[in-house]
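Notes for the one structure printed next.
Heads up: numbering here begins at 1 and tracks the sequence.
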Amino acid sequence: ATAKTRSPRSLTTTSRSPKCSGSGAAVWATCRSAWRSSTAPSRRTSASAAPTLAQFSTQAAQASLLRTPLEPGPSQYRKAVARDLSSGGQTFTVAANGEDYRYRLRTTVITWVPGDPTRPWARTISTTLEPIDEAARRYQAKHRDTMGPTTGPVDHTSNGDFNVPASDGDWLNPSQAFLDQLPREPTQLLASARAWNTQHGFTNDAQTLLEALTRPLSQTWIDDHDLRAALFTAIGQIEGVQLDEDATIGDQHGTALMGVSSRSGALRTEVLFDPNDYRLLAWRFVNDREGTVKTAETTFTSVIVSSAP
């Protein structure tokens, strides 16, 4: 099956936004300086021209240099909630009364990111069993004590390194230490992602490169304005990425970037962004190779709170 996109509405930069093109550290430094001294771009309401990936990435990079989405104060936290909404994925079977009751395992990860970098981060992981059919739904309703949601203990760590040692991390599992050592120049970022793909046997196509460069943005906790801007600019340099300004993933709506696998047009990754502050709202991997579409979806929401567990 060939991936399809809807005809997007207009998204263009205005004459107030400085033009910036080319590559290299000198050009990037000039772009950053010009963007920081300019006002944020405005959105046109006329349907004059379709948006391009380059326009989107330029606007996102400029906005990233001017502000961080939902930036908490020194005594506050950014509460980021990641919810799994996959139609495929992991299933769980309960055998009882001579019957098998099948459920889809849903995971919700809540992360509290401190505004003060010296404070610890906090995280909880909860799971929910979603009935796949009516029989499983009836069995769950009768056994709420054992079939209800479960939440694990609160984990604490510094710099967000919950899953990997502080010295580790890579493009698909970025730790804070990994992010700190990344170059802040877009062409070098793209080259780093390409080199990592090659080293691990992945094809450097629109899908894998889009996944790599958007992965660090998925929790919306990168406070480094230069890195956020460089990541968006590097995304704009990926050949073959498609843009849909009117897209929905789960319960989130915004501007989607889509990368299709060069191995099969039935494999693609879609990443949804808020068109106003460019927060990453949702992530979807689509597999349509077997005639039945299977998706792996995760949505992200963030709010500012005054405390953490």
Side-chain angles (χ1 to χ4, degrees), residues 43 56 59-60 63-64 66-73 75-87 89-90 104-116 119-130 149-152 154-157 159-160 162-163 172-174 176 179 210-211 213-225 227-228 231-232 235 243-258 269-286 295-309:
R43 295 172 60 87
F56 172 83
Q59 286 185 311
S64 296
L66 295 176
R67 67 185 184 279
T68 297
L70 295 176
E71 188 167 15
S75 62
Q76 297 177 316
Y77 293 81
R78 182 188 297 109
K79 181 181 177 182
V81 181
R83 292 186 174 90
D84 169 36
L85 301 172
S86 303
S87 65
Q90 187 173 358
R104 191 168 287 115
L105 188 65
R106 302 294 195 201
T107 302
T108 299
V109 180
I110 303 178
T111 307
W112 288 263
V113 184
D116 180 353
R119 291 188 176 187
W121 295 40
R123 185 185 70 175
T124 62
I125 300 177
S126 60
T127 57
T128 302
L129 296 178
E130 178 184 279
T150 61
T151 300
V154 179
D155 296 324
H156 294 93
T157 190
N159 293 325
F162 290 101
N163 299 320
L172 293 188
N173 189 20
Q176 187 62 49
L179 297 176
L210 180 64
E211 286 185 8
L213 290 172
T214 54
R215 183 80 60 165
L217 299 169
S218 63
Q219 298 293 353
T220 67
W221 47 256
I222 298 179
D223 289 329
D224 188 321
H225 294 213
L227 179 56
R228 290 184 63 87
L231 283 166
F232 276 117
I235 290 168
L243 183 146
D244 181 355
E245 199 191 10
D246 187 17
T248 299
I249 297 179
D251 57 357
Q252 302 285 359
H253 185 83
T255 299
L257 303 184
M258 181 174 70
T269 295
E270 303 167 5
V271 189
L272 191 74
F273 290 94
D274 187 304
N276 297 310
D277 63 9
Y278 301 98
R279 284 179 295 128
L280 198 156
L281 300 177
W283 181 289
R284 174 162 60 201
F285 173 77
V286 180
T295 65
E297 297 180 358
T298 304
T299 61
F300 304 91
T301 57
S302 298
V303 294
I304 301 299
V305 297
S306 58
S307 62

| note | Correct closest heavy-atom pair for S75 and R119 would be O-NH1, 3.7 Å

| task | Apply the test side-chain contact (heavy atoms from CB on, under 4.5 Å) to residues L213 and L257: give CA-CA distance (whole Å), side-chain angles for both, the deciding distance (0.1 Å), then the verdict. | result | CA-CA 12 Å; L213 290 172; L257 303 184; over 6 Å; no

| field | Interatomic distance, D84 atom CG to T108 atom OG1 [nearest 0.5 angstrom] | value | 8.0 Å

| request: Drop me the distance from L129's CG to R106's CZ, to the nearest 0.5 angstrom. | output: 11.0 Å

| Residue among Q252, R284, R83 satisfying side-chain hydrogen bond (donor to acceptor under 3.5 Å, both in side chains) with E297 | R284

| query | Do the side chain of H156 and the main chain of P309 share a donor and acceptor less than 3.5 angstrom apart? | reply | yes

| Approximate separation, where rounding is to 0.5 Å, of I249 CD1 and L281 CG | 9.0 Å

| Reported OH-to-CD1 distance for the pair Y77 and I304, which is rounded to 0.5 angstrom | 12.0 Å

| task | Over all heavy atoms of both residues, which pair between R279 and S302 is shortest? Give the atoms and the distance, please. | result | NH1-N, 4.2 Å

| field | Heavy-atom closest pair, residues P114 and P120 | value | CG-O, 3.8 Å

| query | Can you tell me how far OG1 of T214 sits from CH2 of W283, rounded to the nearest 0.5 angstrom? | reply | 3.5 Å

| query | Just wondering, do M258 and D244 contact through their side chains at under 4.5 Å, heavy atoms? | reply | no

| said: Against I110, only a single residue in V154, T301, T151, T124 fulfils side-chain contact (heavy atoms from CB on, under 4.5 Å); can you say which? | reply: T124

| request: Look up atom CG in L280 and atom CG in L231, then write down how far apart they are to the nearest 0.5 Å. | output: 11.0 Å

| With distance as the sole criterion, is a donor-acceptor pair present between the side chains of E211 and T269 under 3.5 Å? | yes

| field | Closest approach of G115 to P72 (non-hydrogen atoms, all atoms of both residues) | value | CA-CG, 3.7 Å

| Of F300, F56, Y278, which meets ring-ring contact (aromatic ring centres under 6.0 Å, His included) against F273? | F56

| query | Which pair of heavy atoms, one from G250 and one from T299, lies closest together, and at what distance? | reply | CA-CG2, 4.3 Å

| note | Nearest heavy-atom approach of P216 to P174 is CA-CG, 4.1 Å

| query | Cut-off 3.5 Å, side chains only: do T248 and H253 have a donor facing an acceptor? | reply | yes

